[in-house]
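Hydrogens, waters and symmetry mates play no part in the numbers below; they use all other heavy atoms, side chains included. Model, not experiment: these values are computed from the prediction. A, B, ... follow the sequence lines: proteins, then strands. Residue 1 opens every chain.
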There are 2 protein chains.
Amino acid sequence: MTAQTRGLHSRVLESLGPAITAGEYPPGSVLRTDELAKRFEVSRSVMREAVRVLESMHLVSSRRRVGVTVLPTEEWNVYDPQVIRWRLAGADRARQLRSLTVLRSAVEPVAAGLAARHATAAQCAELTECALGMVAHSRGHQLEGYLKYDVAFHRAILNASGNEMFARLGDVVAEVLTGRTAHQVMFEDPDPPAVSLHVQVAEAVREGDAARAEALTRQIALGALEELDILAP
Amino acid sequence: MTAQTRGLHSRVLESLGPAITAGEYPPGSVLRTDELAKRFEVSRSVMREAVRVLESMHLVSSRRRVGVTVLPTEEWNVYDPQVIRWRLAGADRARQLRSLTVLRSAVEPVAAGLAARHATAAQCAELTECALGMVAHSRGHQLEGYLKYDVAFHRAILNASGNEMFARLGDVVAEVLTGRTAHQVMFEDPDPPAVSLHVQVAEAVREGDAARAEALTRQIALGALEELDILAP
DNA sequence: CGTGAACAATAAGTCAGACTTTTATGTCAC
DNA sequence: GTGACATAAAAGTCTGACTTATTGTTCACG
């Protein structure tokens, strides 16, 4: 969950990265490596390595005689897990959560359909276990336990899809679900129909019914979108 | 399209990155910075910066007293545009194209639905223009021109969706479409029905018919999946 | 014979300083 | 105003010395 803070260079990154993604340095701002090195009290070598990493994320662009220029948002590698973490920790957390939820709503149904085709017996078992865990924690304010199984369920679906790109969205989904529980209106127990949908998805996958798994997951996704009021014009 | 080769450090990266993603150094392989620096005939500082970037992509992990260890595929930042390019240039190009096509098939229909809700007049105009360009180049072996408009069309859809995560997949889609035309069985002119679907999507978006735009785009996506035989058990 | 604590070897990490190269900008002649 | 040219500023590169964490070995002791 938390970032690796190994190395002096990482500490600089964990300070400068969030500052940039938070918009503290508006696009077009120019920084100088020497000045940054002095500010963070590190050598130029360390600072240069940090800048190189930021450059590989397309957050900044380093050019001779100019300096380190902050790039506009459209250039950023918004799929970089570190960038996602930094943005979720920053000011436009809400915007980011909405954006990621839309992505989820697109990907997860298709992933569920693929899972129904490709899931192994072990993966089906895990899926069922997660769904049952959700049911068991769906009443009596056991939100923490519920969340754990919810995250595991969606991770399992993405992994069982057999698609590498989908599987790698597991962390993103986990982040969104956690953020939803923590920040959103999740004082109450989850809606029984929503829980039931998860159980049915597990069933559909186990039976190899791709169309049903996809449709049911689309229902779940719709619920997530509605929670954030993403649909009204 | 092509990578920025500015800087000695980038040249090293463009050589070592593809080698790793191609599996020349199997997961668990250990490299030493000094040795690499000697091999590429650069100073340690330059080599260190390159390694830092590879580390930020989670291709390798650098640890004291151990060296630079190549990480397993599951750890890689597979959404990093540079990693995608490297893998598309390597041996498992086919696998990668299939994987990305599945991602497309999940994302684009939803993006089209959102575009129907949010597209501006200018975006609708561009979309229509692209569709007409496709029609104009759909006969008489004008594959190059057709591809240009095809890429522009899908880019426009993703941009018009108003979702940042979708918009940033424009380059990926462009890569997949280009790869499809270059490598796949695209000697013949594109199927008239496929071309027609694009025109209808543009129409649906213009009319604000989200459901129809989504359904039509799902048809297009289905075609792309069928081309690569992704559906048979 | 196993266990653990001290130790040595190793490779990354850090720093400082000197030098090179690119390139934006200002200057001057025409 | 336009071009060529000089200037300076910042990143880029290299080198060497030093620090630190970590692994693996060795050796003493139970």
Side-chain angles (χ1 to χ4, degrees), chain A residues 2-17 19-20 25-72 75-77 82, chain B residues 2-17 19-20 24-72 75-76 82:
Chain A
T2 175
Q4 53 178 342
T5 169
R6 259 197 328 232
L8 195 44
H9 131 278
S10 283
R11 234 187 338 268
V12 173
L13 214 52
E14 285 300 322
S15 173
L16 194 51
I20 292 174
Y25 305 91
S29 306
V30 177
L31 312 169
R32 265 162 303 137
T33 307
D34 285 15
E35 187 203 319
L36 290 173
K38 202 165 286 184
R39 170 135 51 103
F40 288 102
E41 298 178 321
V42 295
S43 69
R44 286 201 310 286
S45 341
V46 169
M47 198 62 226
R48 283 183 54 77
E49 288 171 23
V51 168
R52 276 278 176 271
V53 172
L54 292 175
E55 198 177 22
S56 87
M57 296 170 173
H58 286 82
L59 294 184
V60 303
S61 160
S62 181
R63 279 174 54 199
R64 270 178 162 132
R65 184 53 169 80
V66 172
V68 178
T69 314
V70 177
L71 294 175
E75 298 277 348
W76 297 354
N77 279 8
Q82 208 158 14
Chain B
T2 175
Q4 54 179 343
T5 168
R6 259 200 324 237
L8 195 45
H9 132 277
S10 284
R11 228 180 352 259
V12 172
L13 215 53
E14 285 300 322
S15 173
L16 193 51
I20 293 175
E24 285 181 35
Y25 305 92
S29 306
V30 176
L31 312 170
R32 268 163 301 137
T33 308
D34 286 16
E35 188 203 317
L36 290 173
K38 201 167 287 185
R39 169 134 51 104
F40 289 103
E41 299 179 318
V42 295
S43 69
R44 287 196 310 283
S45 347
V46 168
M47 199 61 226
R48 282 183 55 77
E49 289 171 23
V51 168
R52 277 277 175 272
V53 172
L54 293 175
E55 198 177 22
S56 87
M57 295 170 174
H58 286 84
L59 294 184
V60 303
S61 159
S62 179
R63 280 175 53 200
R64 268 178 163 135
R65 185 48 170 79
V66 172
V68 178
T69 315
V70 177
L71 294 175
E75 298 276 347
W76 298 354
Q82 209 157 12

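A salt bridge links B:R52 and B:E55; the closest N-O separation between the charged side-chain nitrogens and carboxylate oxygens is under 4.0 Å.
Between the CG atom of A:L59 and the CG atom of A:L16 there is a distance of 9.0 Å, given to the nearest 0.5 Å.
Heavy atoms of A:T33 sit under 4.0 angstrom from primed sugar atoms or phosphate atoms, though from no base atom.
When side chains are defined from C-beta on, A:H9 counts as touching A:E49, because their heavy atoms get closer than 4.5 Å. Looking only at side-chain heavy atoms (C-beta outward), A:F40 and A:L8 stay at 4.5 Å or farther from each other.
The phosphate of C:dG13 has OP1 or OP2 within less than 4.0 Å of a side-chain N or O from B:R52.
In terms of polar N and O atoms assigned as donor or acceptor, the side chain of B:R65 never comes within less than 3.5 Å of the base of C:dG13 in a complementary pairing. Side-chain to base pairing of A:R44 with C:dG17: one donor and one acceptor N or O lie within less than 3.5 Å of each other.
We find that CZ of A:R48 is positioned 15 Å from P of D:dT15, with the value rounded to whole Å. The nearest whole Å value for the distance from the CG atom in B:L8 to the P atom in D:dA11 is 18 Å. Protein atom CG of A:L54 is 14 Å distant from nucleotide atom P of D:dA11, rounded to whole Å. Between the CZ atom of B:R11 and the C1' atom of D:dT13 there is a distance of 12 Å, given to the nearest Å. The separation between B:R63 atom CZ and C:dA11 atom C1' is 12 Å, rounded to whole Å. Atom CZ of B:R64 and atom C1' of C:dA9 are 15 Å apart (whole Å). One can place CD of B:E35 at 15 Å from P of C:dT10, the figure rounded to the nearest angstrom. Between the C1' atom of D:dG12 and the CZ atom of A:R32 lies a distance of 17 Å, rounded to the nearest Å.
Sequence order on DNA chain D of the closest nucleotides to B:V46 and A:S62 puts A:S62 first from the 5' end.
When distances run from any side-chain atom of B:S43 to the nucleotides C:dT14, D:dT15, D:dA11, the shortest one goes to D:dT15.
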Next item on the list: Assess whether side-chain contact (heavy atoms from CB on, under 4.5 Å) is satisfied between B:M47 and B:K38, documenting all intermediate values.
Entry: CA-CA 9 Å; B:M47 199 61 226; B:K38 201 167 287 185; over 6 Å; no
